[in-house]
Amino acid sequence: VNQSGNNTDFLVVGAGIAGLATAAELCELGTVTVLEAESGPAQHASGRSAAVFIDWYGGKLVQPFTRISRTWFEAFSGGFEASTGILSPRGLLLVADYGDEKLLIIPTGNRIEKLSRTEVLGLVPRLREGTVSEALYDPSVADINVPKLIALHERRIRTRSGCQINGARVTRITRNKQSWTVEAGNDTFSASVLVNCAGPWADEIGMLAGLAPIELSSLRRTVCIFKAEDSSVGKWPLVHDAKGRFYFKPYSGFLLASPDDEIPSAALDAQPDERDVARTVSIIKKATTLAVNGPVDRWAGLRTFSPDCGLVLGPDPQDHAFMWCAGLGGVGIQTSPAAAMCIASFIDTGDILPELARTGITGRSVSPERFLNADCVGP
Ligand SMILES: Cc1cc2nc3c(=O)[nH]c(=O)nc-3n(C[C@H](O)[C@H](O)[C@H](O)COP(=O)(O)OP(=O)(O)OC[C@H]3O[C@@H](n4cnc5c(N)ncnc54)[C@H](O)[C@@H]3O)c2cc1C
């Protein structure tokens with residue numbers, strides 16, 4: 001076991017949710033240093049999400065990760081209803097406009113309720129009546145307290161003698177037989193295993209290490225925060241349009257709304273486009289009776305996808321001492337505990353996490369190796 005912060009067993013690049021969760025797991029297996037380019041953790045996608053947990057979201061290859069993560073979230077924070085919890089009940093209302101009723105499908109074994117229009121308005125009194133024909137309600141959907149989750153991982157890393165270095169942008173990676181040498185900020189680090197948790201920049205890190213890129217693609221999504229101006233807002237569920245044109249939910253005394261946009265972007269510090277902000281304002285005006293003007297805050301973040309939209313977890317086929325934890329798309333927060341445990345399992349046993357294997361997920365189905373052949377199929 002290596003001891004100093006500059007010379008460790010594992011170097012994790014990126015302190016978003018993927019990097020922090022993975023580093024906290026790896027602290028069980030050896031010494032860990034996390035290198036983050038920004039002045040603090042979670043300044044990109046991980047600090048800009050809608051912070052929702054939906055266990056049926058993301059397709060068959062993602063759902064087992066989400067379910068295993070739910071067990072972790074609940075065990076780690078005292079249960080679903082606990083005040084210390086990272087998950088708290090929110091519920092999801094999937095609403096269909098007239099003519100869109102056939103889009104009301106929730107692919108889950110959960111208890112889903114079909115609500116009458118009166119019940120819908122009971123839940124969300126400021127929903128504009130003429131815009132909802134039918135709705136489904138899933139009570140299992142939860143809010144994720146992301147700041148609490150980040151703080152929990154940082155505490156786990158600290159108490160297990162891990163080292164987290166902010167303001168350390170990785171600019172050069174070289175390799176000798178035993179270890180990686182990484183230049184970041186004004187310092188040099190070395191480790192036997194490099195873990196790539198750089199979100200939209202993960203291909204860049206792979207190429208710095210002399211490896212083939214996955215060909216990840218990033219899509220920008222806009223979020224606007226509105227004054228709630230109605231005391232009932234805090235109790236509303238997440239409202240999602242069945243046609244995928246918008247969602248909104250309560251957010252710390254305010255209303256968070258997104259136009260569900262997916263604008264291709266390079267890996268960068270995403271900024272909201274004023275046209276997407278204006279569209280969000282008009283969506284909220286159309287869908288609700290709230291008298292919204294401009295948002296009080298707005299931001300944009302990148303959701304980063306692999307070519308088949310599945311997670312990319314595991315050793316690089318060219319160099320097994322380089323681990324990928326990338327392509328977390330729109331599910332990176334809710335799947336992060338299982339993704340991190342999966343990386344630790346690959347490092348510890350050379351195999352996928354047994355709980356995942358029992359659901360039919362194979363090392364191959366998440367491996368970066370699948371992109372070397374043309375036979376990959378989407379989830
Ligand atoms: C609007 C929006 C809503 C979302 N809603 C949800 C949701 O409700 N539920 C959910 O589960 N997921 C959601 N997501 C997706 C989720 O936010 C992402 O999947 C997740 O945050 C990805 O985490 P990450 O750690 O891989 O990437 P990031 O958070 O982008 O972290 C990557 C880190 O790597 C660092 N880095 C990059 N290059 C270098 C370098 N050279 N050297 C050092 N550090 C480097 C970056 O600075 C960054 O901190 C949403 C995303 C968006 C944008």
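Both counts, for ligands and for their atoms, begin at 1 and track the order of listing. For the numbers below, each heavy atom of this structure counts, side chains included, while hydrogens, waters and symmetry mates do not.
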Original post:
Does Arg128 CZ have over 12 foreign heavy atoms under 6.0 Å away?
Top reply: yes
**OP:** Mind checking salt bridge (Lys or Arg N to Asp or Glu O under 4.0 Å) for Glu36 and listing every partner two or more places apart, or none if nothing turns up?
**Re:** none
Original post:
When you check the side-chain N and O atoms of Ser39 and Asn166, is any donor under 3.5 Å from an acceptor?
Top reply: no
Original post:
Taking it one step at a time, do Lys249 and Asp143 satisfy side chain to side chain contact (heavy atoms under 4.5 Å, CB included)?
Top reply: CA-CA 10 Å; Lys249 65 167 245 183; Asp143 276 341; 2.9 Å; yes
Original post:
Under the ring pair (Phe, Tyr, Trp, His ring centres under 6.0 Å) test, which residues partner Trp180, sequence neighbours left out?
Top reply: Phe322
Original post:
Using a threshold of 4.0 angstrom between heavy atoms of the protein and any atom of ligand 1, which residues qualify?
Top reply: Val13, Gly14, Gly16, Ile17, Ala18, Leu35, Glu36, Ala37, Glu38, His44, Ala45, Ser46, Arg48, Ser49, Ala50, Ala51, Val52, Ala168, Arg169, Val170, Cys197, Ala198, Gly199, Pro200, Trp201, Ile205, Arg221, Val223, Tyr247, Gly301, Leu302, Arg303, Leu328, Gly329, Gly330, Val331, Gly332, Ile333, Gln334
Original post:
Applying salt bridge (charged side-chain N to carboxylate O under 4.0 Å, His left out), which residue pairs with at least one partner in residues 334-346 are found, sequence neighbours left out?
Top reply: none
